[in-house]
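For the single chain, residues carry numbers from 1 onward in sequence order.
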Amino acid sequence: MDQIDETNTREKAEDLLAELDRQVRREESVSRRERDAFLKRPLQDRVASGWTLSPVKVHPVPRSKLLRLEADLRFSRYREGDILRIHTGFMGDADGLDATVVHEESNALQIRPEKNPESVISSTAPLIADPAYVDFTPFYLAALQECAESYLGRTRVLPLLLGDLRLRVEGHLYDVALDLAEERGLNEAQADAFASCVACSNAYYVQGPPGTGKTRVLAEVVRALVDRGERVWVSALTHRAINHALSAVRKIAPEAKLARVADIKNEVPPGIKLYEYMDNSPLLDEPGGYAVGATPFVGMTQRLRDWECDTLLIDEASQVTLPLALMAMLKAKRVLLFGDDCQLPPIQVACPLSSCVERSVLQRIPLSDMHTLLNLTYRMHPELCIWPSTRFYDRQLIAHPSTRKSPPPFKSLPGRLFCVSTSSLQEEIRQVVQTASRLVFEEGHKTEDLAVLTPFRVHARSIRTGLREKGLNLRVDTVERMQGQECDVVLYAAGVDTPKRVTALAEHLFHPNKLNVAVTRARGGVILFAHRVLMDTPLYGEMGRHQSIWRDLFEEAEEMSV
């Protein structure tokens, strides 16, 4: 179907756009209300939350538009893309400075100021950094309006979202691409994903569970499309993900024309040109294909004004909401989604975590028949692979034989999955520290090959302190921070010891995708630490079903004492 011209289809399109409009406005309203309430709390409480930094110092970064914000970042929750406001204690101060975090260091953040930063650089008063508020709602609403009014929106984007677009894979193109994939050493599922992306007419989804080579396939697809003369937009939620994807392309295609469109002056991969505006790029006048990396949001700004692409490729698509994805989709003839809808969903304050997963672009585009699961993991030992394969991937995920060489947690104990019962939070901290000490000093693991995960930053802080007292500097963080990373052994500390906390925090504790991410970070072993109330506190409905997944995992684990 070429256009939305039937009454029923028009009504479905109007309903969808109205739903997205309500979603965008509700997110803005809740975000503003929560921030206002946060800023009324005492400074000490705000700092303890990790969202306020005090005191801070600000210095220019030489030969750059960036600033270096120095502060105690041990408990900081700021990540790439977050916006903060630097001020002297009054958020409405005209001399305050809004800035975007572009890079994290151990004791500093590199930030991009929104205006001349001289007022804070020269300030002699103590400086504070609080969460800033920037209303992006007009950009989202503009994208929805363009979706309803533009030719590309009416003939491609909306029909795709509504399932009214005829999707197909061109057989002759697929066969040629499949031969090419096999020549390049891709395994069977990777080759199918590659060939399908190259040969599809409108959209395709490549699901890449941990360690299955998703980035390798993505890079090969970009290489092939650029070689045949296409303009390719490589996008993702974060600059880091975009740079990682382009670096993978550059590694296999040294001669490919690659560029980044952004205003950051650091962390751009070697061999990739940076342009603040696409209009400034010579690629517009050069023959042949090329790939451009930019966040979806850039699609609604002057940075990509009047530019369109042949193929939009969104990486880590499980974390991208549909309204955000639309900003890029409106400039593309077709869309390729790379990600895993069994991984972490988008972060939205206006919806429960359990329903936020349904807000991702992966969940909103009907691609069940245009989908390849990369089913061979090169990360997890076969014993560890069984549980996520059964629970999340229809038993289709299998471990490559090479993973059998992954070191187990303990030389003296058979098995890869263990659980430790705790009697209190303090006892849990002690057991985690003692187990980590054993892994390093007795079992011979390197500290960089271990990671401690927990749902709560305050618990992570206490565990980190205990480890440092033993001279151990391990990665200790939340599951969200570890997505995309891996290690030999994961120690997971649940961080609850009363039925009241289990009930109050059930959604945060038991979301299946979080548990999947936590377990699949490990190459060789997982050790779970939890009080029995985690499994024994009665929960009902959806939370009860999610709790049963936790319970089953503990039943499969071998209980050990520390």
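- In this structure, Gln485 CD and Asp477 CG are separated by 8.5 Å, a value rounded to the nearest 0.5 Å.
- Using a 4.5 Å heavy-atom cutoff, the side chains of Ile365 and Leu160 are in contact.
- Here Arg216 pairs with Glu220 in a salt bridge; the nearest charged N to carboxylate O distance falls below 4.0 Å.
- For the residue pair Thr311 / Glu230, a side-chain donor-acceptor distance below 3.5 Å is found, with atom types taken as modelled.
- With Leu237 as the fixed residue, the side chain to side chain contact (heavy atoms under 4.5 Å, CB included) test singles out one of Leu324, Thr295, Thr321: Leu324.
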Subject >> Candidate pair His103 and His239, rule side chain to side chain contact (heavy atoms under 4.5 Å, CB included), full reasoning >> reply: CA-CA 9 Å; His103 182 62; His239 293 290; over 6 Å; no
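- Here the side chain of Lys257 pairs no donor or acceptor atom with the backbone of Gly288 at under 3.5 angstrom.
- Between the side chain of Arg156 and the backbone N or O of Pro159 there is no donor-acceptor pair closer than 3.5 Å.
- Without hydrogens or angle criteria, Gln319 side chain to Ala236 main chain gives no donor-acceptor distance under 3.5 Å.
- For Asp340 and Gln207, the side-chain atoms include at least one donor-acceptor pair closer than 3.5 Å.
- A salt bridge links Glu480 and Lys514; the closest N-O separation between the charged side-chain nitrogens and carboxylate oxygens is under 4.0 Å.
- Atom NE2 of His244 sits about 11.0 Å away from atom CZ of Arg240, to the nearest 0.5 Å.
- Using a 4.5 Å heavy-atom threshold, the side chains of Pro346 and Ser360 count as touching.
- Proximity of a side-chain donor or acceptor of Arg112 to a complementary backbone N or O of Thr100 within less than 3.5 Å is not detected.
- If you run side chain to side chain contact (heavy atoms under 4.5 Å, CB included) between Thr377 and each of Thr403, Leu397, Leu384, Thr520, only Leu397 comes through.
- The closest side-chain heavy-atom distance from Phe136 to Ile83 is below 4.5 Å.
- A donor-acceptor pair is defined here as one N or O able to donate and one able to accept, closer than 3.5 Å; no such pair exists between the side chain of Arg379 and the backbone of Arg523.
- By the 30° and 60° cut-offs, the orientation of the rings of His508 relative to Phe456 is tilted.
- Here the shortest heavy-atom pairing between Ala259 and Leu246 reads O-CD1, 3.9 Å.
- At a cut-off of 3.5 Å, with distance as the only test, a side-chain donor of Asp192 or Tyr174 sits close to an acceptor on the other residue.
- Phe194 CZ to Thr372 OG1: the interatomic distance, rounded to the nearest 0.5 Å, is 12.5 Å.
- Side-chain contact between Lys333 and Arg231: present, with at least one pair of heavy atoms (C-beta onward) separated by less than 4.5 Å.
- Classified by interplanar angle (parallel below 30°, tilted 30° to 60°, perpendicular above 60°), the ring pair Trp550/Tyr492 is tilted.
- Between Cys200 and Val169 the shortest side-chain heavy-atom distance falls below 4.5 Å.
- Classification of Lys214 and Asp315 as a salt-bridged pair holds, one side-chain N sitting under 4.0 Å from a carboxylate O.
- There is no side-chain donor-acceptor pair under 3.5 Å between Asn516 and Arg391.
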